[in-house]
Peer 1: 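Structure provided below as structure tokens; questions to follow.
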Number of protein chains: 2
Amino acid sequence: MPASDPDDIASLAHAVRISCMRVARRVRFDADNTVAPHLFSVLARLAEEPRTVGELACIEKVSAPSMSRAVAQLVEPGLVERHSDEHDGRLVRLSLTDAGREVVRTERARRDAWMTERLEGLSAEERDVLRRATAILESVVDL
Amino acid sequence: MPASDPDDIASLAHAVRISCMRVARRVRFDADNTVAPHLFSVLARLAEEPRTVGELACIEKVSAPSMSRAVAQLVEPGLVERHSDEHDGRLVRLSLTDAGREVVRTERARRDAWMTERLEGLSAEERDVLRRATAILESVVDL
DNA sequence: ACAGGTCGTTGCGTTGGCTAATGAGATAAA
DNA sequence: TTTATCTCATTAGCCAACGCAACGACCTGT
């Protein structure tokens, strides 16, 4: 049986990649963002847990100076707080303010709304396929 | 039956969105690109079929001037050709050169390689789920 | 105490995005 | 046919985000 046909897997890989990239693209575009995409990305990271500038720069794959500026833009409107580390004066601990958490919450709701709207047009079977697919994709990415 | 449970759809929407965005993110970061991302995106569109500057700008959701510059950057190294339209002198028909097609081919191979590698670890059933899921996602995005 | 390393910030050049304005060509009306 | 208008692509000029280089502040090891 052709279950492991290499060519088949390659074409599937292409299809999966294209689909995911298109979805991500649409989500980013359709959301007329309150916060700039790269700034929201930082907020989302800080929503997980407090971090330093260097950690954020590494996670977001940008240089330390770029992240430093991004953080400054989030501190200015009061979405992020700076705290100096007790044991190491060089470090700047960053965390969300209540306002920052609220921005993350509403922005996520808006992004999910776009997808929800489109999924409502699907059949129960199609949604079940997607449900199983997301579980598989998560395991693949986490790898 | 709970097939249309609104809450269920919302949580699925969130899961789908997150999965797709994570995959897209990983693909973008892991590929140390030969061609800049926004330029490759244009090449990929032209690989589908020849288009005009305006069409590309619309598809890629950028302004006409931005697309004009991007096209110029692709024409300069000989990846894209300009042809004036026979019936309408204002239009600039754009198409890939052989070199352009080669760039698309190798770049896609490199991007797909990451995904292929991970999909090889899956079972035939899991791959089938992904195959059906991509078809569904395409229809959802095209909507 | 001091030399070297790390963390964050600032200065500067590059690049891609936008809007406004321009030029070339099509199109419709007088 | 001539003129006005509209469309497409490009140019000009500005802004935002990035990276690199350089710096100041602060730890760490000798």
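Atoms considered below: every heavy atom in the structure, side chains included; atoms not considered: hydrogens, waters and symmetry mates. Quick note on labels: first sequence line is chain A, next is B, and so on, each numbered from 1.
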Peer 1: Any donor and acceptor pair, going by atom type alone, linking the side chain of Arg82(B) with main-chain N or O of Val75(B) inside 3.5 Å?
Peer 2: no
Peer 1: Starting at CD of Glu86(B) and ending at P of dA26(C), how long is that distance when rounded to a whole Å?
Peer 2: 12 Å
Peer 1: Scan Arg93(B) against the nucleic acid and name what it touches under 4.0 Å (heavy atoms): base, sugar-phosphate only, or nothing.
Peer 2: nothing
Peer 1: How about Ser19(A) and Glu138(B): does a side-chain donor come under 3.5 Å of a side-chain acceptor?
Peer 2: yes
Peer 1: Considering only dG8(C), dT9(C), dA17(D), which nucleotide approaches the side chain of Ala36(A) most closely?
Peer 2: dA17(D)
Peer 1: Could you check whether Val62(B) gets within reach of a base, just the sugar-phosphate, or nothing at all, counting any heavy atom under 4.0 Å?
Peer 2: sugar-phosphate
Peer 1: I want to confirm an ordering. Mapping Arg82(B) and Leu39(A) to their closest nucleotides on DNA chain D, which one lands closer to the 5' end?
Peer 2: Arg82(B)
Peer 1: Under a 4.0 Å heavy-atom cut-off, which of residues 45-57 of chain B touch DNA chain D?
Peer 2: Thr52(B), Val53(B), Gly54(B)
Peer 1: Which residue, Glu117(A), Arg118(A), Arg26(A), Arg22(A), forms the side-chain contact (heavy atoms from CB on, under 4.5 Å) with Val140(B)?
Peer 2: Arg118(A)
Peer 1: Is Glu76(B) reaching over with its side chain to a backbone N or O of Gln73(B), donor-acceptor style, under 3.5 angstrom?
Peer 2: no
Peer 1: Treating Ser68(A) as the side-chain partner and Ala64(A) as the backbone partner, does any N or O pair qualify as donor plus acceptor under 3.5 Å?
Peer 2: no
Peer 1: Rounded to whole Å, please give me the gap between NE2 in His38(A) and P in dG19(D).
Peer 2: 11 Å
Peer 1: In this structure, how many angstroms lie between the P atom of dA12(D) and the CZ atom of Arg69(B), rounded?
Peer 2: 11 Å
Peer 1: Of all the choices, dC27(D), dT10(D), dT10(C), which nucleotide is nearest to the side chain of Arg90(A) once you look at every atom?
Peer 2: dC27(D)
Peer 1: With sugar-phosphate meaning primed atoms plus P, OP1 and OP2, does Gln73(A) contact a base, only sugar-phosphate, or nothing at under 4.0 Å between heavy atoms?
Peer 2: sugar-phosphate
Peer 1: Do Thr34(A) and Arg110(A) have a side chain donor and acceptor closer than 3.5 Å?
Peer 2: yes
